[in-house]
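Here the structure comes first, spelled out in structure tokens, and everything after it is commentary.
Keep in mind that what you see is a predicted model, and the values were worked out from it rather than measured.
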Amino acid sequence: MIRKVILGVVLAGLLPGEPMAQNQHPESGQSPYKNTYVKDVFVAENEFRNMKPETIRPRSFDQARHILPAPFWEGHLREVEMYWHAWKIAVGNIRQPQADSGFVAPYLDIAYNGNIFMWDASFMMMFARYGYHFFPFQRTLDNFYAHQHPDGFICREIRADGSDCFERYDPTSTGPNILPWAELMYYRQFGNLDRLHKVFPVLCSYANWWRLNRSWPNGTYWSSGWGTGMDNMPRVPKGYNPIFSHGHMEWVDACLQKIMVNDMLLQIGFYTERWQEIEELEDENRYLREHINTCMWDDREGFLFDRCADGRLNGTKGVHAYWVLHTDVLPKQRLDRLVAHLADTATFARPHRVPSLSADHKKYNDAGRYWQGGIWPSSNYMIIDGLWRKGYRELAQEIAENHYNAVFEVWKKTGTFWEYYAPEKIEPGFMARKDFVGWTGLPPIAVFIEYILGIKSDFAEGTIEWNITHCEAHGIERYPYGPESLVGLKVKSRGALGETPVISVETPVPFTLTVTWGDNCRRSVKVERSGTVKLAEK
């Protein structure tokens with residue numbers, strides 16, 4: 001529980017300009033419901049709720065090509081073409097806020113039904129951040145923050161007219177909460193501390209709403225098919241609806257995501273010097289870590305499962321368990337066993353990786369059938385990023401290349417991107433939506449830059465990391481590094497992977513460049529100015 005909320009909670013009475021009900025525009029003053037809000041004092045700090053809407057007209061895609069990062073890869077023109085095609089669709093999906101919607105900024109539409117989705121939008125920001133100097137895509141999230149309720153609730157799906165799609169106590173009304181992950185990813189790349197100050201109270205109050213409204217008496221968390229974002233995955237016991245019901249289960253991904261969120265809020269709290277206000281989150285995380293290891297780990301299977309009301313584990317192996325890669329929950333031996341399933345052809349190592357549901361489950365479908373085996377760019381990015389950060393870098397690279405190449409082959413065949421993909425054949429998933437950018441911007445943009453070209457950065461730490469895995473000349477121009485700087489990185493062609501790369505850099509700011517290549521060769525160099533980088537021998 002967040003201490004500030006415990007001390008500051010008051011009953012009834014709305015703050016000026018607050019929404020009266022979750023399915024009404026914040027300023028409508030009309031409500032079909034009694035006012036039952038228990039106000040969270042962090043919400044009073046939410047600047048987004050009182051912002052005036054802003055219209056920002058995007059420039060054309062032709063102009064975008066001269067502003068967005070420009071990758072090159074000798075002999076691989078089609079891959080670069082796919083990168084630009086993804087951006088073209090994304091730029092075409094920028095929408096302006098409707099009048100009287102309560103939306104405060106233009107947003108990147110998810111290419112689904114005209115509504116904005118919290119889960120999708122958070123993942124979309126992970127590729128859209130590379131367009132930072134072209135358009136303020138991050139402000140997509142501001143529209144969720146502007147619609148926060150007095151008790152901290154934020155609906156997971158909001159219509160273009162500003163109305164929530166779900167009543168706040170509906171089991172499907174919100175989640176997954178990965179907003180802090182998206183915000184921190186932006187912070188690491190651009191170092192905008194002012195942004196963290198603004199979002200901190202919003203994210204704290206939303207996390208506290210989860211604690212008060214999505215937890216069981218024992219302190220674990222629950223969700224639903226829609227609430228997890230994985231609609232029809234077979235997880236709940238027989239007799240419960242797999243999409244709409246919580247099934248009276250402890251949901252392992254909801255618990256893991258709460259740990260991740262708490263850790264990230266504490267990080268943001270340290271950056272903003274407000275961590276003392278939420279230090280109780282450390283206690284919650286200690287409890288959840290112990291409970292997950294004691295009650296949700298199956299040692300025979302070497303896997304994490306949801307826990308039913310009678311104490312049994314449900315036995316459904318799915319990608320939801322791999323949110324553990326973004327926490328410190330499992331000891332190394334257990335994490336190794338869980339990760340090993342990703343390389344097992346009987347479970348997750350299918351022709352296109354990683355299926356959302358294990359291939360040995362009776363509901364697994366060769367065509368994907370949504371979350372019954374479908375390959376989702378969102379969950380794949382979560383797994384790849386988590387593997388890389390946890391040190392399973394060879395496996396992360398392998399899965400990233402497999403996923404990227406499959407999306408590339410389908411793009412060549414069909415000329416577009418798809419909502420999700422089939423696991424057993426290199427083709428779109430069953431009834432998947434096309435032209436989906438959307439989170440399918442992740443493979444052609446984010447995965448391409450970070451794992452195919454191999455470039456990652458952390459402006460907050462003053463570092464750029466380059467994992468060079470190709471012999472052809474390649475690199476990127478106008479790579480966004482910090483709030484204003486654009487960096488160029490180029491490597492010349494080589495005769496063999498083990499040959500020391502010849503790298504040139506264009507930069508207006510200094511940074512530490514760490515380069516890896518060949519058989520575990522690794523060098524770190526302080527780059528002070530533009531020019532050729534000398535990878536000195538140790």
(message) I'd like to know if R159 pairs up with D164 as an ion pair, taking the criterion as any Lys NZ or Arg NE/NH1/NH2 lying under 4.0 Å from an Asp or Glu carboxylate oxygen.
(response) no

(message) Given the ring of W388, does K456 sit roughly above its face, with NZ or CZ under 6.0 Å from the centre of the six-membered ring and within 45° of the axis?
(response) yes

(message) Could you check, using the six-membered ring where one of them is a Trp, whether F305 and W297 have ring centers closer than 6.0 angstrom?
(response) no

(request) In sequence, state the C-alpha distance, the side-chain angles, and the governing distance for N177 and Q257, and then conclude on side-chain hydrogen bond (donor to acceptor under 3.5 Å, both in side chains). (result) CA-CA 7 Å; N177 180 14; Q257 286 160 3; over 6 Å; no

(request) Sequence neighbours left out, what pairs pass salt bridge (Lys or Arg N to Asp or Glu O under 4.0 Å) with at least one residue falling in residues 315-329? (result) R289-D328, E301-K317, K317-D360

(request) Applying ring pair (Phe, Tyr, Trp, His ring centres under 6.0 Å), run through W275 and F270 and close with a yes or a no. (result) CA-CA 5 Å; W275 65 271; F270 278 111; 5.1 Å; yes

(request) Determine the interplanar angle of the F153 and H149 rings, folded into 0 to 90°, and report it as parallel if under 30°, tilted if 30 to 60°, perpendicular if over 60°. (result) perpendicular

(request) Check the side chains of T36 and R168 for a donor-acceptor pair under 3.5 angstrom, ignoring hydrogens and angles. (result) yes

(message) So, using salt bridge (Lys or Arg N to Asp or Glu O under 4.0 Å) as the criterion, who are the partners of R353 when residues are at least two apart?
(response) E398

(message) So that I can tick it off, tell me whether D385 and R389 are bridged by a salt bridge, with the cut-off set at under 4.0 angstrom between side-chain N and carboxylate O.
(response) yes

(message) In terms of relative ring orientation, are Y206 and W210 parallel, tilted or perpendicular, with 30° and 60° separating the classes?
(response) perpendicular

(request) Please confirm whether W226 and F244 have ring centers closer than 6.0 angstrom. (result) yes

(request) Can you spot which of E45, Q148, E47, E277 makes a side-chain contact (heavy atoms from CB on, under 4.5 Å) with P201? (result) E45

(request) Sequence neighbours left out, what pairs pass salt bridge (Lys or Arg N to Asp or Glu O under 4.0 Å) with at least one residue falling in residues 171-183? (result) E183-R195

(request) With sequence neighbours excluded, tell me which residues meet salt bridge (Lys or Arg N to Asp or Glu O under 4.0 Å) with E282. (result) none

(request) Step by step, work out the side-chain hydrogen bond (donor to acceptor under 3.5 Å, both in side chains) result for Q98 and D161. (result) CA-CA 6 Å; Q98 288 187 19; D161 66 6; over 6 Å; no

(request) Check whether the ring centres of H147 and F48 lie less than 6.0 Å apart, and answer yes or no. (result) no

(message) List the residues meeting ring-ring contact (aromatic ring centres under 6.0 Å, His included) with F123, not counting sequence neighbours, and say none if there are none.
(response) W119, W181

(message) Would you say that more than 12 heavy atoms from the other residues, nucleotides or ligands in this model lie under 6.0 Å from the CZ of R95, or not?
(response) yes

(request) Not counting sequence neighbours, which residues clear ring-ring contact (aromatic ring centres under 6.0 Å, His included) with F190? List them please. (result) Y132, Y186

For residues 111-118, which side-chain N or O atoms pair as donor and acceptor with protein atoms under 3.5 Å away, sequence neighbours left out?
residue	atom	partner	partner atom	Å
N113	OD1	N115	N	3.0
N113	ND2	E157	OE2	3.2
N115	ND2	E157	OE2	2.6

(message) Taking the side chain as everything from C-beta on, heavy atoms only, tell me whether Y240 gets closer than 4.5 Å to H248.
(response) yes

(request) Taking ring-ring contact (aromatic ring centres under 6.0 Å, His included) as the test, write out the residues that go with Y481, two or more places apart. (result) F459, F511

(message) Does anything in residues 113-131 form a salt bridge (Lys or Arg N to Asp or Glu O under 4.0 Å)? List the pairs, not counting sequence neighbours.
(response) R129-E450

(request) For the pair W376 and Y420, name the ring-plane relationship: parallel under 30°, tilted 30 to 60°, perpendicular over 60°. (result) parallel

(request) May I have all residue pairs that pass salt bridge (Lys or Arg N to Asp or Glu O under 4.0 Å) and include part of residues 228-256, sequence neighbours excluded? (result) R235-D253, R235-D306, E250-R307

(request) Could you check if a side-chain atom of S205 sits within less than 4.5 angstrom of a side-chain atom of N46, using non-hydrogen atoms only? (result) no

(message) Can you confirm if the NZ or CZ of R393 lies within 45° of the ring axis of Y451 and under 6.0 Å from the centre of its six-membered ring?
(response) no

(message) Taking the ring of H320 and the ring of W371, is the distance between their centroids below 6.0 Å?
(response) no

(request) With sequence neighbours excluded, tell me which residues meet ring-ring contact (aromatic ring centres under 6.0 Å, His included) with F200. (result) none

(request) Check salt bridge (Lys or Arg N to Asp or Glu O under 4.0 Å) between E54 and all other residues, then give those that pass, not counting sequence neighbours. (result) R139

(message) Checking N293 against R334 for the side-chain hydrogen bond (donor to acceptor under 3.5 Å, both in side chains) test, could you report, in this order, the C-alpha distance in whole Å, the side-chain angles of both residues, the deciding distance, and whether it holds?
(response) CA-CA 9 Å; N293 272 287; R334 285 187 172 184; 3.0 Å; yes

(request) Might you work through the salt bridge (Lys or Arg N to Asp or Glu O under 4.0 Å) test for R188 and E461, ending with a clear yes or no? (result) CA-CA 8 Å; R188 292 189 183 103; E461 296 294 328; over 6 Å; no

